[in-house]
Participant: 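Please read through the structure below; I'll follow up with questions.
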Amino acid sequence: MERMIHIITTAISRFMPIWLVVFSILAYAIPHTFILIQGWTEFCLGLIFFLMGMSLSTEQIIKVIKSPKYAFYGFLLKWTVTVGISLLIALLFMKKMPEIASGIVLAGTVPSGTSANLYTFIAGGEVALSITMATLDTIVSPILTPSLMQATVGQIIPIDFWALFLNIIVVVFIPLFLGLFAQWKCSNVVKRVRPHTSIFSQLALFVIVLAVVSKAQPTLEENLIHLPVIFIAVAFQVMIPMYLGYVLARKWLKVPKEYAISICFHTGICNTALSATLATEHLTTLAAVPSVLNMIINLTIGAFVANYFERTFLHKKHIVS
């Protein structure tokens, strides 16, 4: 039984980008099948952040706190490079489509995606740093995300700062700290659940994809002619920050490679499941389209980059040792 669970878990984790593409196609082709789960996105997002809070190891965090500059570097690059590239792409590609532009900006101003932690682990990066940077993102996002949205696209698309702020508090901030509280009060239960938090998070992500894509299906169908351009835009939105995050960390800031790998994924992979949900709730379903495409692209590119680092960096470390 345990072997079967391991096989299923491995199949889901290793081929996650493929599963996401398959589920996206299913949700687009037969959207009515998933009507019942279209209201589950916020709950599933909250579950992911709750599991993230349960996964935070005190020992790992202490290790990173002893060298806080690396977490600061990653945090700074995320909120400058990623946000800056997103704004530039929104301006260049979608100047005449404000809803799409607002969706691109939102996809670049949310915290880093949970898959950044998974890919950091696969690639041989510093997982504790990845989790710490994601936690910092999560703590500041209730202020930074609505502020950046209001300052950049608020003149084009009305942005309700407080509604967005409260939504992020409820969906992101509270579940994260409930997860931390669970560690404190129910440590024995958490220890048994912790090894499975990654697979639970991935299953919750699948539900979010099915819900968001099926709900946005009419909008996607109406804008099929624009999807190739949006696809190219969000591909650049993922690849450029990922590349710059790694290169700037290594060459400019002289960060050790395992830390630079963590920063690479942190800057390139945003929590587009969150941005898709926020776009649907506070903007329009059309504004959620860049997040849906970004979700598929960042997971696919992230998997390729993680496998590349695994073959090169980890292989070299194995030879040296």
Participant: So, taking the atom named CD1 in I85 and the one named CE in M239, what distance separates them when rounded to the nearest 0.5 Å?
Facilitator: 11.5 Å

Participant: Which atoms form the tightest heavy-atom contact between N298 and C270, and what is the distance?
Facilitator: ND2-O, 3.6 Å

Participant: If I compare all heavy atoms of V83 with all of G108, which pair ends up nearest, and what's the gap?
Facilitator: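 Scanning both residues completely, I find the closest heavy atoms to be CG2-O, 3.5 Å.
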
Participant: Same hydrophobic cluster for I263 and F75, using side-chain heavy-atom links shorter than 4.5 Å among ILVMFWY?
Facilitator: yes

Participant: What distance separates F34 CZ from Y28 OH, expressed to the nearest 0.5 Å?
Facilitator: 14.5 Å

Participant: Of all the heavy-atom pairs spanning T272 and A107, show the shortest one and how long it is.
Facilitator: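 Minimum heavy-atom contact is CG2-CB, 4.1 Å.
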
Participant: Of all residues at least two apart in sequence or in a different chain, which pass the ring-ring contact (aromatic ring centres under 6.0 Å, His included) check with F177?
Facilitator: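 F173.
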
Participant: Check side-chain hydrogen bond (donor to acceptor under 3.5 Å, both in side chains) between S291 and all other residues, then give those that pass, not counting sequence neighbours.
Facilitator: S275

Participant: Are F304 and Y119 connected, step by step, through hydrophobic side chains (Ile, Leu, Val, Met, Phe, Trp, Tyr) whose heavy atoms are closer than 4.5 Å?
Facilitator: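 No, no single cluster joins them.
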
Participant: Taking C-beta and beyond as the side chain, do V289 and L286 meet within less than 4.5 Å on heavy atoms?
Facilitator: yes

Participant: Between L26 and F23, is a side-chain contact (heavy atoms from CB on, under 4.5 Å) present by the stated rule, with each step listed?
Facilitator: CA-CA 5 Å; L26 283 174; F23 287 139; 4.2 Å; yes

Participant: Hey, does the side chain of T82 reach the backbone of T267 with a donor-acceptor pair shorter than 3.5 angstrom?
Facilitator: yes

Participant: Out of curiosity, does L76 fall in the hydrophobic cluster containing V110 (side-chain heavy atoms, cut-off under 4.5 Å, transitive links)?
Facilitator: yes

Participant: With the 4.5 Å side-chain cut-off for hydrophobic clustering, are V229 and I296 part of the same group?
Facilitator: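 No, because V229 and I296 fall into different hydrophobic clusters, even though each may have its own neighbours under 4.5 Å.
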
Participant: How about CZ on F43, more than 12 heavy atoms from neighbouring residues, nucleotides or ligands closer than 6.0 Å, or not?
Facilitator: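 Count not over threshold, so no.
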
Participant: Just by modelled atom types, is the I104 backbone N or O under 3.5 Å from a matching donor or acceptor in the Q237 side chain?
Facilitator: yes

Participant: Can you name the closest pair of heavy atoms from M133 and Y70 and give their distance?
Facilitator: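 So the minimum-distance heavy-atom pair works out to SD-O, 4.3 Å.
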
Participant: Where the side chain of T109 meets the backbone of L106, is there a donor-acceptor pair that is under 3.5 Å apart?
Facilitator: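 Indeed, once roles are kept as given, a pair shorter than 3.5 Å links the two residues.
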
Participant: Distance from D137 atom CG to W79 atom CH2, nearest 0.5 Å?
Facilitator: 5.5 Å

Participant: Please give me the minimum heavy-atom distance between S102 and L283, naming the atom from each residue.
Facilitator: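 Smallest interatomic distance, heavy atoms only, reads OG-CD1, 3.9 Å.
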
Participant: Hey, what do you get for OG (S141) to CG (L274), rounding to the nearest 0.5 Å?
Facilitator: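 So the gap between those two atoms works out to 7.0 Å.
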
Participant: Work out which heavy atom in K257 is nearest to a heavy atom in R250; give both atom names and the distance.
Facilitator: N-NH1, 3.2 Å

Participant: What distance do I230 atom CD1 and I100 atom CD1 have between them, rounded to the nearest 0.5 Å?
Facilitator: 3.5 Å

Participant: Can you tell me how far the CZ atom of F265 sits from the CZ atom of F309, to the nearest 0.5 Å?
Facilitator: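 F265 atom CZ to F309 atom CZ measures 6.0 Å (nearest 0.5 Å).
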
Participant: L92 versus L88: any side-chain heavy-atom pair under 4.5 Å?
Facilitator: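 Yes, their side chains come closer than 4.5 Å.
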
Participant: Look at the side chain of T120 and the backbone N and O of E126, then say whether any donor-acceptor pair between them is shorter than 3.5 Å.
Facilitator: no

Participant: When clusters are formed by joining ILVMFWY residues with side-chain heavy atoms under 4.5 Å apart, either directly or through shared neighbours, do V21 and L227 land in the same one?
Facilitator: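 Cluster IDs for V21 and L227 differ.
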
